[in-house]
Novice: 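Here it is: the structure, laid out below.
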Amino acid sequence: MSGNELSPVDKFYVWLEEDKQRQAEEALLPKKKRRGRKPSKKMYFTPTTDQAIHAYNLEETYAKRNKVYRDHIHHAFDKLAENIIHTFKFYYFDVPYTDVKAEVVAFLNEKIHKYNLEKGKAFSYFSIVAKNYLIIANNANYAKMKQKADIVVIDDNRNLGAEQVYSDYQESLRDFTDLFVEYYTVNMNRIFTNKRDIIVADTILELFRMRDNIENFNKKALYILIRERTGLKTQNITKVINVMKRDYAKMYTVYNKSGHIVSAYNLPNQ
């Protein structure tokens with residue numbers, strides 16, 4: 001690609017601005033003279049989403065892929081997963097709902113490269129992908145639950161004290177994670193000197209920023225997303241994750257005692 005040629009994502013954003021301008025001009029026309037599709041505020045999968053996924057698949061620059069995914073794809077995948085789970089009542093899982101939804105979003109990311117704009121709408125394609133994934137996982141978990149039902153007595157009594165402690169822990173973890181991301185964003189080039197490692201670390205931080213409860217994002221889902229966003233192999237990703245996990249644990253120990261991470265800033269060079 002020459003220096004003056006726009007990348008696929010750049011072209012998408014040019015198209016998006018032109019489409020917004022067209023819609024604004026059509027909105028000024030008398031109602032009977034309006035042409036083309038009408039924008040809907042209620043839709044989460046739109047022609048814009050289709051174009052964004054198409055641009056994402058063609059883009060080679062990881063930063064631009066991250067931007068278009070964050071701006072125009074993630075919400076659509078997240079909402080689709082939520083709606084499919086509730087519409088078809090896929091509730092037979094022994095893990096929290098947020099984990100199930102994260103797994104579905106990760107699976108959609110794993111299959112995103114197979115979407116072809118010329119063969120139809122993204123909504124139809126990814127709805128089928130999500131539903132098929134959930135059917136298989138739901139049926140497998142339902143069978144396990146039936147096997148356990150005869151030998152396991154479920155205690156329905158709620159422990160309100162434990163629930164409050166867990167709620168406080170979640171809030172504390174969110175606050176710490178924000179501080180951790182801020183620290184790593186500022187110091188990433190000091191902690192990692194290899195460009196490939198920096199790309200992985202930056203992608204991981206982006207995932208932290210995108211999700212309020214990153215602790216619900218399991219290992220498999222995390223690796224799938226990072227591979228899709230960076231194009232790197234698992235061993236390259238694992239190296240960076242291990243460093244960040246070590247620093248996360250070390251800094252959380254300080255935070256848990258003092259409420260801040262200032263004294264943890266002097267981490268040894270990697």
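Residue numbers count from 1 along this sequence.
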Novice: Are Ile199 and Val240 connected in a single hydrophobic cluster, I mean Ile/Leu/Val/Met/Phe/Trp/Tyr linked by side-chain heavy atoms less than 4.5 Å apart?
Specialist: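 They do not share one cluster, since no chain of ILVMFWY contacts under 4.5 Å joins Val240 to Ile199.
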Novice: Enter the distance from Leu134:CG to Glu103:CD here, rounded to the nearest 0.5 Å.
Specialist: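 Reported value, rounded in 0.5 Å steps: 10.0 Å.
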Novice: Hydrogens and angles aside, do Tyr115 and His54 bring a side-chain donor and acceptor to less than 3.5 Å of each other?
Specialist: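 No donor-acceptor contact under 3.5 Å links the two side chains.
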Novice: Have a look at His72 and tell me which of Trp15, Tyr13, Tyr56, Phe77 forms a ring-ring contact (aromatic ring centres under 6.0 Å, His included) with it.
Specialist: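 It is Tyr13, the one option of Trp15, Tyr13, Tyr56, Phe77 that forms the ring-ring contact (aromatic ring centres under 6.0 Å, His included) with His72.
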Novice: Kindly give the heavy-atom pair with the smallest separation between Val105 and Ala81, and that separation in Å.
Specialist: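 So the two residues come closest at CG2-CB, 4.1 Å.
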Novice: Minimum heavy-atom separation for Arg227 and Ile237, please, with both atom names.
Specialist: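 In terms of heavy atoms, the two residues are closest at CG-CD1, 3.5 Å.
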Novice: Between Glu82 and Lys79, is there a side-chain N and carboxylate O pair less than 4.0 Å apart?
Specialist: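 Answer for the salt bridge query: yes.
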Novice: Kindly determine whether Phe90 and Val100 satisfy side-chain contact (heavy atoms from CB on, under 4.5 Å), including the steps that lead there.
Specialist: CA-CA 9 Å; Phe90 291 117; Val100 177; over 6 Å; no
Novice: Could you note down all residue pairs passing salt bridge (charged side-chain N to carboxylate O under 4.0 Å, His left out) where residues 44-58 supplies at least one of them, sequence neighbours left out?
Specialist: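 Output for this query is empty, none listed.
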Novice: Look at the rings of Phe208 and Phe180 and say which category their plane angle falls in: under 30° parallel, 30 to 60° tilted, over 60° perpendicular.
Specialist: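 Rings of Phe208 and Phe180: tilted, 30 to 60°.
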Novice: How would you list, by chain and number, every residue that makes a side chain to side chain donor-acceptor pair (under 3.5 Å) with Asn236, sequence neighbours excluded?
Specialist: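 If we apply the side chain to side chain donor-acceptor pair (under 3.5 Å) test to Asn236, skipping adjacent residues, there are no hits.
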Novice: Supply the atom-to-atom distance Phe107 CZ to Ile136 CD1, rounded to the nearest 0.5 angstrom.
Specialist: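 Rounded to the nearest 0.5 Å, the CZ-CD1 separation comes to 7.5 Å.
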Novice: Quick one: does Asn109's side chain get under 4.5 Å of Ile73's, heavy atoms only?
Specialist: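 Sidechains of Ile73 and Asn109: no contact.
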Novice: Say whether, by atom type as modelled, one donor and one acceptor occur between the side chain of Thr87 and the main chain of Ile84 under 3.5 angstrom.
Specialist: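 Pair absent, no side-chain N/O of Thr87 close to backbone of Ile84.
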Novice: Asp197 vs Val243, test: side-chain contact (heavy atoms from CB on, under 4.5 Å). Steps then yes/no.
Specialist: CA-CA 10 Å; Asp197 293 345; Val243 171; over 6 Å; no
Novice: CG/Asp10 to CD/Glu5 distance, rounded to the nearest 0.5 angstrom?
Specialist: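 Here the interatomic distance stands at 10.5 Å.
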Novice: Please tell me if the side chains of Lys114 and Tyr125 come closer than 4.5 Å, counting only heavy atoms from C-beta onward.
Specialist: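 Of all side-chain heavy-atom pairs linking Tyr125 with Lys114, at least one is under 4.5 Å.
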Novice: Is there a path from Ile112 to Ile128 through hydrophobic residues (I, L, V, M, F, W, Y) whose side chains come within less than 4.5 Å of each other?
Specialist: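 As far as the 4.5 Å side-chain criterion goes, Ile128 and Ile112 are not connected within one cluster.
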Novice: Ignoring hydrogens, what is the shortest heavy-atom contact between Ala52 and Val68? Give both atom names and the distance.
Specialist: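 Minimum heavy-atom contact is CB-CG2, 3.9 Å.
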Novice: Walk me through whether Leu232 and Arg196 qualify under side-chain contact (heavy atoms from CB on, under 4.5 Å).
Specialist: CA-CA 8 Å; Leu232 296 175; Arg196 181 180 60 196; 3.4 Å; yes
Novice: So Phe176 and Tyr248, would you call those rings parallel, tilted or perpendicular, with 30° and 60° as cut-offs?
Specialist: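 Geometry flag for Tyr248 against Phe176: perpendicular rings.
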Novice: Run the side-chain contact (heavy atoms from CB on, under 4.5 Å) test on Phe88 and Asn138 for me, step by step, so that the C-alpha distance in whole Å, both residues' side-chain angles and the decisive distance to 0.1 Å come before the verdict.
Specialist: CA-CA 11 Å; Phe88 296 95; Asn138 188 76; over 6 Å; no
Novice: CG/Leu117 to CD/Gln51 distance, rounded to the nearest 0.5 angstrom?
Specialist: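 With rounding to 0.5 Å, CG (Leu117) is 5.0 Å from CD (Gln51).
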Novice: Classify the side-chain pair Glu25/Gln21 by whether it contains a donor and acceptor separated by less than 3.5 Å.
Specialist: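 Checked: Glu25/Gln21 side chains pair up, N/O donor to acceptor below 3.5 Å.
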Novice: Would you say Tyr184 and Leu179 are hydrophobically clustered, going by side-chain heavy atoms of ILVMFWY under 4.5 Å?
Specialist: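 Linked within one cluster.
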Novice: Determine whether Glu59 and Phe12 make a side-chain contact, defined as any pair of heavy atoms from C-beta on separated by less than 4.5 Å.
Specialist: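 Not in contact.
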Novice: Heavy atoms, side chains only, cut-off 4.5 Å: are Tyr97 and Ile85 in contact?
Specialist: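 A side-chain contact exists here, since the closest heavy-atom pair is under 4.5 Å.
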Novice: Is any side-chain heavy atom of Ile191 closer than 4.5 Å to a side-chain heavy atom of Met244?
Specialist: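 No, every pair of side-chain atoms sits at 4.5 Å or beyond.
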Novice: For the residue pair Asp247 / Tyr183, report whether a side-chain donor-acceptor contact shorter than 3.5 Å exists.
Specialist: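 Asp247 and Tyr183 do not have a side-chain donor-acceptor pair below 3.5 Å.
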Novice: Can Tyr62 be reached from Leu58 by stepping across I, L, V, M, F, W or Y side chains whose heavy atoms are under 4.5 Å apart?
Specialist: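 Leu58 and Tyr62: separate clusters.
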Novice: Under 4.5 Å between any side-chain heavy atoms of Phe126 and Ile53, yes or no?
Specialist: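 With C-beta onward as the side chain, the pair touches.
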Novice: With the side chain counted from C-beta on, respond yes when Lys20 and Gln23 share a heavy-atom pair under 4.5 Å apart, and no when they do not.
Specialist: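 They are not in side-chain contact.
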Novice: For residues Asp99 and Phe93, determine if any side-chain heavy atom of one lies less than 4.5 Å from a side-chain heavy atom of the other.
Specialist: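 No, side chains not in contact.
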Novice: Measure the NE2-OG1 distance between His74 and Thr49 for me, rounded to the nearest 0.5 Å.
Specialist: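 Reported value, rounded in 0.5 Å steps: 13.0 Å.
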Novice: From Asn66 CG over to Thr61 OG1, what is the distance, rounded to the nearest 0.5 angstrom?
Specialist: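 Spacing of CG (Asn66) from OG1 (Thr61) equals 10.5 Å.
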